[in-house]
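Here is the structure we will look at.
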Amino acid sequence: MTNATHDVSDIYLKYAAERDKRLRHDGLGQYARVTKVLTGYGVDPHQPVQAREPVTDHVTFAFIGGGFAGLTVGARLHEAGIDDVRLIDKAGDFGGVWYWNRYPGAMCDTSSLIYLPLLEETSYMPTEKYAHGPEIFEHARRIGRHYYLYDNALFHTEVLSVDWEQDASRWRITTNRGDSFTAQFVGVGLGPLHVAKVPDVPGIDSFAGVSFHTTQWDYGYTGGDADGAPMDKLADKRVGVIGTGATALQAVPELAKTCGDLFVVQRTPTSVDIRNNAPIDPEWFEQISAEPGWQQAWLDNFTANWEAYLGNAADHAELEDLVGDGWTDLGRRLRDAVAEIPAGELTEERFIQAMAGADLSKMEEIRARVDDVVADPRIAEGLKAWYSQLCKRPGFHDDYLRVFNQDNVHLVDTDGKGIERITERGVVINGEELELDCIIWATGFEYATDYASRTGFSLAGRDEATLAKHWADGMRTMHGMHMRGFPNLFLVQMLQAAFLGSNVPSNYADNARTIAQIVGHARGADIATMEVTAEAEQAWVDMLYERGRPFGSPECTPGYYNNEGSAVTDRDRYNVGYPDGAGAFFALMKQWRACGDFEGLTFS
Ligand code: NDP
């Protein structure tokens, strides 16, 4: 069907029309932090806060964030012989997003065998190809126990300030629990998506019913639990879910099981690809995990398949796909399309054409799947995603589309406009009030907002350096990790580094190896401070500015991938990954570590 030229151009016209419907003049300004509207948000519903004395000691390494970033760094530091590592988190336990996100149906979207870090080291076999939230949370706790990270951890603790003390060559950290302690090294790893947001629409705080964000699911109201017990208090309720992103895709099928009436309020349909979750067979796992280093081999294989279209795609034609999930399927299709270009004819134009062709056929499959699953053609039409696959975060689920065949599930299509306002009784959409007992905000997280404001604490480096000043003209780091003026400080995140968004923890796994090596070296050589040179930082950001490609395209339908469709600014040109891809970045870092001369850093 899409081979005929006029059909293809019709599809692109449709993409453009759908995008235009969603474009808004207020961009990121359309959202508010959830704390602005939901009272009690941020109060831990899972665990009571334990009284404790303020901490005033000194540790070798303090890490802000107790998710997989902090856990993998803590693990590798422990292996390097550093046993006074302190992880600090405002949650009551380790787990990061998996501590807070206990919404029904939560599971990983990348194969567990690569999503869950340190499987080999902790001798753990995930139970399913895509593990559910409670199992992932428990794995975070397993890492904490395995590496003795609980001994020094501070939970229910928010960092207020992190200040460099020049004379003593150490950082001072203060918190909302009265702590004031020092650390030779500090790591910051807060995850890319941890500040929940809602649309800043009129009347948002006026709803008289129950409302909550998916990060703080109110099982007291819904009944059930995160382990999958049915939400048995919803049988006579009218529940509205606002948003149809990756979170809603997982929560909606669970709500559909028990809700009296479930209204799924959609602004842009998500592409919903096949999930095919299945239990992991222990015998098979024993085979694949027999070789030491198997998980790293799987991580490398995943990255290679995901990016197989980069470089010489034909070279990757025989590449085995060990992981076989939705992400590698995408990468392999792109690779096959590029590999078909005859040798010597690979121009930028042919490359783009090949990529577009592969993308189009994938999206046609995804749209055809909606017709196959959803009985009512009008509803099916409303659920189709009209954009290129990587314009928005791809979705995967086996039941999401199917539940729209149920009488109690109603698609409320806002035709790209979103909700207009909230009243005491419900939401107003297309001028009509929809009465609800409960509103569930599945409206995501801040992404491209100011990093300094998302951290929630003040950071003051050498000579009064602050993040706001250092990044006044855009992000500046070397390897996404080191910043001039912030000695002994490590950022653990993806930008200006691998930027492997399809498997976030593997970015951290690599960061952790680098940090453990640097800190191990500093300790062994009795070195007090480590800092990136101004020249090395400049060279890294110059390279990124010249060669990096901003991730989201303004041509795409708006969303958090492309700053809600706004034009690419000069600052955005620094918010990029390593230009040659994640695999190349990991290889570069491996070489950098193996070399052992810590190029770009000074030690004193
Ligand atoms: P998203 O940002 O992906 O989705 C938010 C949803 O809210 C979108 O559908 C958005 O519509 C909608 N929305 C926003 N404003 C309005 C409005 N005014 N009216 C109606 N709808 C509105 O958030 P999620 O929490 O779903 O996912 C965030 C990210 O978290 C994912 O992209 C993924 O990276 C990660 N995640 C990962 C999971 C995993 O790996 N297992 C599971 C869940 C999340 P629109 O699209 O039009 O902007």
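Atom set for the values below is all heavy atoms of this structure, side chains included, hydrogens, waters and symmetry mates excluded. Whatever order the structure lists ligands and atoms in, that order sets their numbers, starting from 1. We count residues from 1, following the sequence as given.
The N/O atoms of Gly559, backbone and side chain alike, include none that comes under 3.5 Å of an N/O atom in ligand 1. Where the criterion is an N or O separation shorter than 3.5 Å, residue side chain and backbone included, Glu564 fails it with respect to ligand 1.
A cation-pi geometry, defined here as NZ or CZ lying under 6.0 Å from the six-membered ring centre and within 45° of its normal, does not hold between Arg102 and Tyr219. Remark: Arg367 is positioned above the aromatic ring of Trp386, its terminal NZ or CZ atom under 6.0 angstrom from the ring centre and at most 45 degrees off the axis.
The closest heavy-atom contact to atom 5 (C) of ligand 1, among the options Ala246, Ala442, Ala248, Gly243, comes from Ala442. Taking only non-hydrogen atoms, the option from Ala131, Gly245, Gly105 nearest to atom 4 (O) of ligand 1 is Gly245. The closest non-hydrogen atom to atom 47 (O) of ligand 1, taken over Ile242, Ile136, Thr244, Thr268, comes from Thr268. Between Arg267, Arg22, Glu420, it is Arg267 that holds the heavy atom closest to atom 22 (C) of ligand 1. In the candidate list Trp98, Tyr560, Phe445, Tyr560 is nearest to atom 31 (C) of ligand 1, counting heavy atoms.
The contact set between ligand 1 and Tyr103, taken as ligand atoms under 4.0 Å from a residue heavy atom, comprises 42 (C), 43 (C). Within ligand 1, counting atoms from 1 as listed, the ones closer than 4.0 Å to a heavy atom of Pro199 are 15 (N), 16 (C), 17 (C), 18 (N). Those atoms of ligand 1 with a heavy atom of Gln250 less than 4.0 angstrom away are 41 (N), 42 (C). Less than 4.0 angstrom separates some heavy atom of Lys392 from each of these atoms of ligand 1: 45 (P), 46 (O), 48 (O). Of all atoms in ligand 1, listed by their number and element, those nearer than 4.0 Å to a heavy atom of Thr247 are 24 (P), 25 (O), 26 (O), 27 (O), 43 (C), 44 (C). The ligand atoms of ligand 1 that sit less than 4.0 angstrom from a heavy atom of Ile419 are 17 (C), 18 (N), 19 (N), 20 (C).
Salt bridge absent: Glu18 and Arg22 never bring a charged side-chain N and a carboxylate O closer than 4.0 Å. A salt bridge links Lys384 with Glu381: the distance from a Lys NZ or Arg NE/NH1/NH2 to an Asp or Glu carboxylate oxygen falls below 4.0 Å. Note on Asp109 versus Arg275: salt bridge recorded, some NZ/NE/NH1/NH2 to OD/OE distance being below 4.0 Å. Salt bridge Glu433/Arg425: present, at least one basic N to carboxylate O contact under 4.0 Å.
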| task | Check the pair Phe499, Tyr578 against ring pair (Phe, Tyr, Trp, His ring centres under 6.0 Å), reporting the backbone distance first and the verdict last. | result | CA-CA 7 Å; Phe499 202 37; Tyr578 186 63; over 10 Å; no
| task | Show your reasoning for whether side-chain hydrogen bond (donor to acceptor under 3.5 Å, both in side chains) applies to Glu432 and Asn430. | result | CA-CA 6 Å; Glu432 283 184 31; Asn430 301 333; over 6 Å; no
| request: Evaluate the side chain to side chain contact (heavy atoms under 4.5 Å, CB included) criterion for residues Leu322 and Leu113: first the C-alpha distance (whole Å), next the side-chain angles of each, then the deciding distance (0.1 Å), finally the verdict. | output: CA-CA 10 Å; Leu322 295 173; Leu113 293 172; over 6 Å; no
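Of the protein's non-hydrogen atoms, Leu193 CD1, 3.4 Å is the one closest to atom 30 (O) of ligand 1. Gly444 CA, 4.2 Å is the protein heavy atom nearest to atom 1 (P) of ligand 1. Here the heavy atom of the protein found nearest to atom 40 (O) of ligand 1 is Arg393 NH2, 3.0 Å.
At a 4.0 Å heavy-atom cut-off, ligand 1 touches Met107 through the backbone alone. Counting heavy atoms under 4.0 Å from ligand 1, residue Trp441 does not touch it at all.
A heavy-atom separation below 4.0 Å is not found between Gln266 and ligand 1. Under the 4.0 angstrom criterion for non-hydrogen atoms, Phe396 is not in contact with ligand 1.
Of the N and O atoms on the side chains of Thr414 and Gln266, not one donor lies less than 3.5 Å from an acceptor on the other residue.
Checking each of Arg333, Arg369, Lys362 against Asp273 for a salt bridge (charged side-chain N to carboxylate O under 4.0 Å, His left out) leaves exactly one that passes, namely Lys362.
Around NZ of Lys90, the count of heavy atoms belonging to other residues, nucleotides or ligands within 6.0 Å does not exceed 12.
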